[in-house]
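Presented below is the structure to which this report refers.
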Amino acid sequence: MKRLIILLTAACILLLAPIAVAAIKSYEGTGEYIMSDFEDADVARQRARERAEENALDKAGVYLTSFAKAENNNITADEIYAITNNIAAIVGEVDYSEKIYQLTEQSTAIMIVASLTAQIDTDGISAYLKRNDKERAEILDQNRRLKVAAAENDRAVENLKRRYNESTSQTERDNIKSEVAVLDREFAAIQKLREGNKLYFKGDHRAALECYNQSLALNPTFTAYNNRAGVYADMKNFDAALSDYDKAIELEPNNSNCYNNRAAVYRQMKNFDAALADYNKALELDPKNILALGGRGTIYSDLKNYDAALADYNKALKLAPKDATSFNNLGSTYSQLKNYDAALKYLNRALELDPENDTVYVNLGSLYQDMGDNKRALENFNKALEIAPDNVSALNNRGWYFAKQEDFERAIVDYTKAIALDQDFAPAYNNLGAAYYSTGNTRLAILNFSKALELDPNDVAAYQNLGFIYNDLGEYQQAVNDFTRAIELGSVDENCFSGRGLAYSNLENYDASIADYTRAIEINPKNYVTFFGRGLTWHAQKNYDAAVADFTQAIELNPTIASIYLSRGLSNIFLQKYDAAIADYNKVIELAPDTVDAYRGRAICYKKLGDEAKAQADIAKVKELTAQK
């Protein structure tokens, strides 16, 4: 059971500090729109409504700016605009009033006045600040694009209306009406985009997806494809996400952030080559793209190219010397390199910049766990969960801590919570399987390891763990299959090779067994269990000298295991080294006095040496112990 692999999860994305005090505020807004007599009345009302909402949000933005400053959060004007657009909710019905104007003898106009109440909750600022750098950049970019698109649409409509009023040609007027109809569809598409963004901000992915679908049906734009791709990615529909990012890139091939987004999807699919190519393209387009540098660094870290990862994180830090994300990423990488002093330095610096960051606490907890400081590890995992109770990595890692303490009940609780929050989080299934196996629940262990593999067919740990279980169940060919798959996927874990060596030995494929045990010893020549296992295989092959040599090496590494002496004693009997065998059996009896086979083996040796009295005494002891059992 101790060989089962449990997985810690580290994070390379940071969050900013949330605001402590929340308030709900309401703001009145009024908007006017002059509708020509040929315009669609419903669209005109929507245009008036949009202006009324903008009027209310301008007032809300003034309040949010002062509120943020009071809470020591330096939020830019663009961020205030993005936040208010995403958190504002219209309360009650929108009131409309109309007034008719005679513009010329040929045309009239109707002024539509919309009045509404918009409500904002300052918790929305906290929700915004809890998002990582990539998400905040996306939100800002989306809102800028919508603002520009809406303004351009509005100007284009006004220009066409002016031309219409000035025109005396019916043909030209008909053409203008057609152009306005196209702009009305574009305006409706923008409104659906805005609605989708609000829903996505609130976490209602399915409703947001429907809005983006409607927007694309009206007007297939870069923003709509990019936003819908983000929803698909969050829903783990990676193929659909890639398809939409491909279309977005076709529309804007020089948009570096879209390459970042697609790279993030490729990373989740473990297509590291494609992810790396996209990050490289993003940096080709924008060498100062901090998100791309950080993203490429995580890919290099995934590929264990730590020097390249550190280089990218340091470049990002030079561009933004107070970027907490880069400090966290550096700390996480140094932790993987077992450079604990450097890891502590950078993670603590990240906390200085952002003292309420749950992600950094998760990484600190993992670091302290590696350093053997269990108390601090638990403190940091608990702190992360105090800040963010739904932090899946914190739950998974605290479960890992409990499992290490053999507190499997609490480990199972944490793993189960993590899975409830993210049903696609493969490491938690693997760890839950290990915890169940440790409590003797083989069925649930296999079920959870299998689920981990369903989510991630390249999960080395899950294959290894299944191999260990099938060995214990006596299903040795299945164990060989699972260990082999783990090795094909790149495992260099000594226990994987020794586990397969054990399975091969039980299948009487001794040459393959010896080869695997030898590979395990090459990886770690200090593991007595591996020498013991190879010794047993040598014995099964009747190569008793080699068996004794391996048993002796195992005893040198750990002289307290009675079964190794017992096995060496038997090999010595076959070598007719009876005195050596007696010495081994004496040691077994010293370590485990009730071992029947030790007395039985020693009796054989005494008989061979002609000491019948001692042989009979040991035979009597065998009968006594057997009767007791």
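Numbers here simply count residues along the sequence, with the first being 1.
Within the 3.5 Å criterion, the main-chain N or O of V392 finds no donor-acceptor partner in the side chain of N396. Although no hydrogens or angles enter the test, the distance criterion places no donor-acceptor pair under 3.5 Å between the side chain of Y401 and the main chain of A411. No donor-acceptor pair closer than 3.5 Å links the side chain of N380 to the backbone N or O of Y368. Within the 3.5 Å criterion, the main-chain N or O of T537 finds no donor-acceptor partner in the side chain of H539. Side-chain atoms of T333 come within 3.5 Å of backbone atoms of N329 as a donor-acceptor pair (strictly under, hydrogens ignored). Checking side-chain atoms of Y313 against main-chain N and O of A308 turns up no donor-acceptor pair under 3.5 Å. Between the side chain of T416 and the backbone N or O of I412 there is at least one donor-acceptor pair closer than 3.5 Å. Here the side chain of S498 pairs a donor or acceptor atom with the backbone of E494 at under 3.5 angstrom. Y429 places no side-chain N or O within 3.5 Å of a backbone atom of S450 that could act as its donor or acceptor partner. Although no hydrogens or angles enter the test, the distance criterion places no donor-acceptor pair under 3.5 Å between the side chain of S332 and the main chain of N328.
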Check the pair S301 / Q336 against side chain to side chain donor-acceptor pair (under 3.5 Å), numbers first and verdict last.
CA-CA 9 Å; S301 185; Q336 292 177 75; 3.1 Å; yes
CA sep, side-chain torsions, deciding dist, call: V588, R602, side-chain contact (heavy atoms from CB on, under 4.5 Å)
CA-CA 10 Å; V588 174; R602 194 170 66 175; over 6 Å; no
Taking it one step at a time, do D545 and W538 satisfy side-chain contact (heavy atoms from CB on, under 4.5 Å)?
CA-CA 8 Å; D545 286 319; W538 286 126; over 6 Å; no
May I have the step-by-step check of side-chain contact (heavy atoms from CB on, under 4.5 Å) for L536 and D550, ending in yes or no?
CA-CA 9 Å; L536 291 171; D550 272 353; over 6 Å; no
Would you check, one step at a time, whether the test side-chain contact (heavy atoms from CB on, under 4.5 Å) holds for K383 with F381?
CA-CA 5 Å; K383 180 65 176 177; F381 294 143; over 6 Å; no
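Using a 4.5 Å cut-off on side-chain heavy atoms (C-beta onward), M269 and L242 make contact. Two residues are said to be in side-chain contact when any heavy atoms from C-beta on lie closer than 4.5 Å; I573 and L575 fail this criterion. Counting only heavy atoms from C-beta outward, the side chains of Y361 and N391 never approach each other to under 4.5 Å. Inter-residue side-chain proximity for I487 and T484 is flagged as unmet; no heavy-atom pair is nearer than 4.5 Å. Looking only at side-chain heavy atoms (C-beta outward), V360 and N348 stay at 4.5 Å or farther from each other. Annotation: side chain of L566 is not in contact with side chain of L570 (no heavy-atom distance under 4.5 Å). In this structure the side chain of E612 never reaches within 4.5 angstrom of the side chain of Y606, judged on heavy atoms. The shortest distance between side-chain heavy atoms of I582 and L609 falls below 4.5 Å.
Around the NZ atom of K614, the shell of radius 6.0 Å holds no more than 12 heavy atoms that belong to other residues, nucleotides or ligands. Counting non-hydrogen atoms of neighbouring residues, nucleotides and ligands closer than 6.0 angstrom, the CD atom of E409 reaches no more than 12 such neighbours.
Classified by interplanar angle (parallel below 30°, tilted 30° to 60°, perpendicular above 60°), the ring pair Y346/Y334 is parallel.
At a cut-off of 3.5 Å, with distance as the only test, no side-chain donor of N431 or W400 sits close to an acceptor on the other residue. S491 and Q464 form a side-chain donor-acceptor contact under 3.5 Å, judged by distance and modelled atom types alone. Judged by distance alone, the side chains of D511 and Q541 do bring a donor and an acceptor atom under 3.5 Å apart. Between the side chains of N430 and N448, no donor-acceptor pair is found at a separation under 3.5 Å. Side-chain contact check for N260 and D278: no donor-acceptor pair (N or O, by modelled atom type) lies under 3.5 Å. For the residue pair Q477/N481, the side-chain donor-acceptor check at 3.5 Å is satisfied. Y437 and D472 are linked by a side-chain donor-acceptor pair at a separation below 3.5 angstrom, with hydrogens and angles left out of the test.
Between the OG1 atom of T359 and the CG atom of L364 there is a distance of 11.0 Å, given to the nearest 0.5 Å. A distance of 11.5 Å separates CG in N471 from CG in L466, rounded to the nearest 0.5 Å. Taken from CG in N397 to CG in N363, the straight-line distance is 8.0 Å, to the nearest 0.5 Å. The CG atom of L395 sits 11.0 Å away from the CG atom of D422 when rounded to the nearest 0.5 Å. The CZ atom of F468 sits 11.0 Å away from the CG atom of D482 when rounded to the nearest 0.5 Å.
Taking every heavy atom of both residues into account, A452 and A462 meet most closely at CB-CB, 4.2 Å. Among all heavy-atom pairs drawn from S393 and V362, the shortest one is CB-CG1, 4.1 Å. In terms of heavy atoms, P389 sits closest to L421 at O-CD1, 4.4 Å. For the residue pair F483 and R500, the shortest heavy atom distance occurs at CD1-N, 3.5 Å. Nearest approach of K607 to Q616, heavy atoms of both residues: NZ-NE2, 3.9 Å. Heavy atoms only, all atoms of each residue included: P593 and L625 are closest at O-CD1, 4.4 Å.
Taking the ring centre of F327 as origin, the terminal cationic atom of R349 falls inside the region bounded by 6.0 Å and 45° from the ring axis.
F532 is linked by a ring pair (Phe, Tyr, Trp, His ring centres under 6.0 Å) to F551, counting only residues two or more places apart in sequence or in another chain.
The pair E379-R376 does not count as a salt bridge, with every side-chain nitrogen at least 4.0 angstrom from each carboxylate oxygen. Between R600 and D618 no salt bridge is recorded (no basic side-chain N to carboxylate O distance below 4.0 Å). The pair D516-R519 fails the salt-bridge criterion, with no side-chain N (NZ, NE, NH1 or NH2) lying under 4.0 Å from an Asp/Glu carboxylate O.
Looking at L557, I521, N558 one by one, the single match for side chain to side chain contact (heavy atoms under 4.5 Å, CB included) with K526 turns out to be L557.
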